[in-house]
Amino acid sequence: MIEITPILDHKGNKPLYIQLSNYIKQEIMEGRIQPNEKLPSKRKLSSYLDVSLNTIQAAYDQLCAEGYVESNPRKGFFVATISEEVFTNPLYSPKHEKQDKLEKKINIDFNSGKVDLRYFPYTVWRKLAIQSLYEDQNELFYNGHPQGDLNLRAAIAKYVFESRGVKCSPEQIVIGAGTQILTGLLCLILGKQHTYAVENPGFHRTKAVLMDQGVKMKAIPLDENGICVNQLAMSDASVVYVTPSHQFPNGMVMPITRRMELLNWANEREGYIIEDDYDGEYRYKGAPIPSLQGLDINGRVIYLGTFSKSLIPSIRISFLILPLTLLNRYQDKFMLYKQTVSRLHQDTLFRFMNEGHWQTHLNKMRTLYRRKHATLMKALSMYMGDNVIVIGEKSGLHILIKVHNGMSEEELINMAMEVGVKVYPTSVYYDDPKVNQEPKILLGFGGLTESEIVAGIQLLKKVWW
C-alpha cells in the first residue's frame with residue numbers, strides 16, 4: 001500500500017477531508033506518488049488513519065474533481081497522468097515550479113451544472129438500489145410502461161403538488177432521460193407547424209433541440225420581470241418555452257402579474273407554455289411563487305421538472321406533465337416510444353421518495369446551498385464591491401456578474417483560467433451574441449465548497465483588477 005501518513009488536525013478549522021486531499025496532492029506534486037499508482041482502498045485508508053469512510057470518500061472525490069486522481073469503477077482510484085509541461089515552465093522558480101504550474105491546471109470550477117456530491121446519501125441509495133435487485137423484483141428487468149413506472153409517477157405527482165402547487169394525476173406524467181429528450185418528444189406531440197418562442201437570452205440546449213427538430217423559432221427579449229409578453233404577442237408564436245422560477249441565465253423570478261399575462265396570452269392564442277422548473281427547489285429571498293401550471297385553469301401549460309439539480313445529474317430522470325388534451329394525443333400516437341429511463345433507477349428513486357429520504361435530502365441541500373449562496377455574495381461584496389453588479393441572486397445555483405474593468409467576456413474568462421479558475425460566458429445564450437455588449441459572467445456555486453468559493457473570488461480579483 002502507498003504510504004499515506006498525513007498528520008490530521010482533528011480540532012482544526014479545516015475539514016479532515018481537505019487536509020487529507022491537500023496532503024495527497026502535495027505527495028503527487030513532489031513525485032512521491034507516481035502517475036497511474038493505485039491509491040489505497042477507502043476502507044483500508046479509513047482503518048489505517050482512523051477516520052470515517054465518508055472522510056476518505058470526500059477526499060478522493062475532491063482529488064478527482066481537481067484532476068489529480070481518476071476513478072476506475074470496480075478497480076479503485078488511480079493517480080492521473082499529468083503532462084510534463086506542467087513541471088517544466090521556466091516562468092516559475094525551481095522551488096515552486098511543480099506546485100505552481102500544476103495548480104494552474106486545477107480548476108475552481110464555477111460550473112452551474114454541478115451539485116455537491118459530498119452530501120449525496122450514498123449508503124441509503126445503495127441499500128435501496130440493492131432492494132430493487134431482489135429476486136421478487138425481477139419484473140423490473142423487463143420493459144415497463146412507456147410513461148414510466150406508475151409508483152414513481154404517483155410519488156412525483158404528490159411531491160410537485162405539495163412543493164410547487166402543480167395539479168396533476170400520475171397518468172399525466174411522462175418520465176424521460178433528461179429535459180432534452182422530453183423536449184424532443186414534445187415537438188412530436190405538439191407538431192412542427194407551430195412557431196416556438198424562446199427566451200433571449202435563454203437555455204441553449206433547449207434551443208438546440210428545437211433547431212434539430214426543424215421547427216421555426218422566435219427569440220423574445222427579456223425585461224426585469226422575464227419574457228416580454230407584449231413582444232411575444234406581436235410574434236406568430238403559439239408555443240413558448242420559459243424558465244419562470246429562475247430564468248436561465250439571467251436569474252430573475254417571474255412575478256405573479258407577468259405569469260398571469262403569459263397565461264392570458266396562451267388562452268387568447270390557443271397556444272401552449274412549456275414551463276421548465278429546472279431548479280425551483282432553491283429560493284433564497286421571499287416566499288415561493290406558485291408554478292405557472294398551478295395557476296393554469298385552461299390546460300395551456302406543460303410542466304417540465306428534473307432531479308438533476310436536486311439529486312445528481314447522472315441519474316438522468318426528468319419528467320413532463322401534459323395537459324389532458326395533449327395527453328390524449330400522446331397516448332394515441334406516441335406510446336410506441338419506449339421508456340428511456342432504467343426501471344431499476346426509477347424503482348430506487350420511488351423507494352427513496354416513498355420512505356421520506358427525498359424530503360430529508362432536499363431540506364439538507366437547501367440549507368447547504370443557502371449557506372454557499374451567502375458565502376458567495378459576501379465574498380463578492382468583500383473583494384469586488386462596486387466593481388461588479390450581481391444579477392439573479394434570489395434563487396437557484398448560479399448568479400451572473402457584470403464586471404466593470406473594461407475587459408471583454410473572452411478576456412475575463414482567459415484571465416481567470418490563468419489562475420486556474422473556470423468561469424462561464426453568457427453570450428452563448430443570446431440569439432445574437434453581438435447584442436450582448438456589456439460582458440456578464442456566469443458563476444455556478446453548487447459543486448464548490450465554501451472555501452473554494454472564497455478562494456475563487458479572491459483569485460478573480462487578483463487577475464481582473
Side-chain angles (χ1 to χ4, degrees), residues 115-116 119-121 124-125 128 147-176 178-179 182 226 242-248 251-256 259 262-263 273-297 301-313 315-323 341 346 348-373 392 394-398 446:
V115 298
D116 198 326
Y119 292 86
F120 181 75
V124 171
W125 188 266
L128 298 177
Q147 290 181 231
D149 282 8
L150 183 58
N151 284 341
L152 179 56
R153 286 187 279 137
I156 291 172
K158 181 175 184 291
Y159 165 68
V160 294
F161 175 71
E162 293 174 350
S163 65
R164 305 293 295 121
V166 172
K167 295 172 286 190
C168 71
S169 67
E171 288 71 27
Q172 291 174 256
I173 296 176
V174 180
I175 294 170
T179 298
L182 292 175
V242 290
T243 50
S245 295
H246 186 225
Q247 199 279 330
F248 192 90
M252 73 276 288
V253 178
M254 186 182 290
I256 190 70
R259 292 177 185 236
L262 193 55
L263 288 169
I273 302 166
I274 302 172
E275 176 184 15
D276 189 347
D277 201 9
Y278 67 97
D279 67 357
E281 294 88 359
Y282 305 120
R283 182 163 169 79
Y284 310 117
K285 293 182 181 179
I289 296 176
S291 65
L292 275 168
Q293 199 272 2
L295 299 171
D296 178 27
I297 60 174
V301 177
I302 303 156
Y303 183 90
L304 274 173
T306 181
F307 290 91
S308 291
K309 296 285 189 181
S310 51
L311 200 55
I312 49 175
I315 195 171
R316 307 308 300 150
I317 297 182
S318 298
F319 57 94
L320 62 83
I321 299 174
L322 294 170
V341 176
Q346 290 185 62
T348 303
L349 180 56
F350 160 68
R351 293 170 185 269
F352 190 74
M353 299 178 77
N354 191 53
E355 295 181 15
H357 304 296
W358 163 247
Q359 196 59 54
T360 299
H361 175 69
L362 197 54
N363 290 340
K364 181 191 299 183
M365 301 311 290
R366 281 174 175 148
T367 300
L368 174 67
Y369 292 139
R370 187 176 291 111
R371 192 167 66 239
K372 290 186 181 187
H373 176 269
K394 292 183 179 180
S395 62
L397 300 182
H398 78 272

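With hydrogens and angles ignored, the 3.5 Å screen pairs a side-chain donor or acceptor of Arg259 with a backbone N or O of Met254. The backbone N or O of Val301 sits nowhere less than 3.5 Å from a side-chain atom of Gln293 that would complete a donor-acceptor pair. The main-chain N or O of Tyr303 is never found under 3.5 Å from a side-chain atom of Glu275 such that the two would form a donor-acceptor pair. Counting only distance, with no hydrogens or angles, the side chain of Ser291 and the backbone of Arg164 share a donor-acceptor pair below 3.5 Å. Looking only at distances, a side-chain donor or acceptor of Gln346 sits under 3.5 Å from a matching main-chain atom of Val341. Distance alone, capped at 3.5 Å, places no donor-acceptor pair between the Tyr282 side chain and the Met365 backbone.
In terms of heavy atoms, Ile175 sits closest to Gly148 at CD1-CA, 4.1 Å. Taking all atoms of both residues into account, the shortest heavy-atom contact from Ser318 to Leu182 is C-CD1, 3.7 Å. Between Ser310 and Leu362, the shortest heavy-atom contact is CB-CD1, 3.9 Å. For the pair Ala157 and Ile173, the tightest heavy-atom approach, listed with the atom from each and the gap, is N-CD1, 3.7 Å. When all heavy atoms are compared, the tightest approach of Tyr278 to Thr306 is O-CG2, 3.5 Å. The two residues Val253 and Ser245 make their nearest non-hydrogen contact at CG2-O, 3.4 Å.
Between the side chains of Glu171 and Ser169, at least one donor-acceptor pair of N or O atoms lies under 3.5 Å.
Atoms CD and CG, on Gln147 and Leu320 in that order, are 9.0 Å from each other to the nearest 0.5 Å. Atoms OH and CG, from Tyr119 and Leu368 in turn, are 5.5 Å apart once rounded to the nearest 0.5 Å. To the nearest 0.5 Å, atoms NZ (Lys158) and SG (Cys168) are separated by 13.0 Å. Taking CZ from Arg351 and CG from Asn354, the interatomic distance works out to 9.0 Å, rounded to the nearest 0.5 Å.
Counting heavy atoms from C-beta on, the side chains of Leu263 and Ile297 never come closer than 4.5 Å. With contacts defined as side-chain heavy-atom distances shorter than 4.5 Å, the pair Asp149/Phe350 does not qualify. Looking only at side-chain heavy atoms (C-beta outward), Leu311 and Trp358 come within less than 4.5 Å of each other. Contact annotation: the side chain of Arg153 approaches that of Leu150 to within less than 4.5 Å [non-hydrogen atoms, C-beta and beyond]. For the pair Thr348 and Ile315, the minimum side-chain heavy-atom distance is 4.5 Å or more. Val160 places a side-chain heavy atom less than 4.5 Å from the side chain of Phe319.
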Q: Report the C-alpha separation of Trp125 and His361 in whole Å, then their side-chain angles, then the decisive distance to 0.1 Å, and conclude whether the side chain to side chain contact (heavy atoms under 4.5 Å, CB included) test is met.
A: CA-CA 11 Å; Trp125 188 266; His361 175 69; over 6 Å; no
(Q) Between Leu349 and Phe307, is the side chain to side chain contact (heavy atoms under 4.5 Å, CB included) condition met? List the steps. (A) CA-CA 10 Å; Leu349 180 56; Phe307 290 91; 3.8 Å; yes
Q) Run the side chain to side chain contact (heavy atoms under 4.5 Å, CB included) check on Asp116 and Tyr369 step by step: do they pass? A) CA-CA 9 Å; Asp116 198 326; Tyr369 292 139; 4.0 Å; yes
Q: Show your reasoning for whether side chain to side chain contact (heavy atoms under 4.5 Å, CB included) applies to Leu152 and Met353.
A: CA-CA 8 Å; Leu152 179 56; Met353 299 178 77; 3.9 Å; yes
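For residues 358-370, there are no salt bridge (charged side-chain N to carboxylate O under 4.0 Å, His left out) pairs, not counting sequence neighbours.
The aromatic ring centroids of Phe248 and His398 lie less than 6.0 Å from each other.
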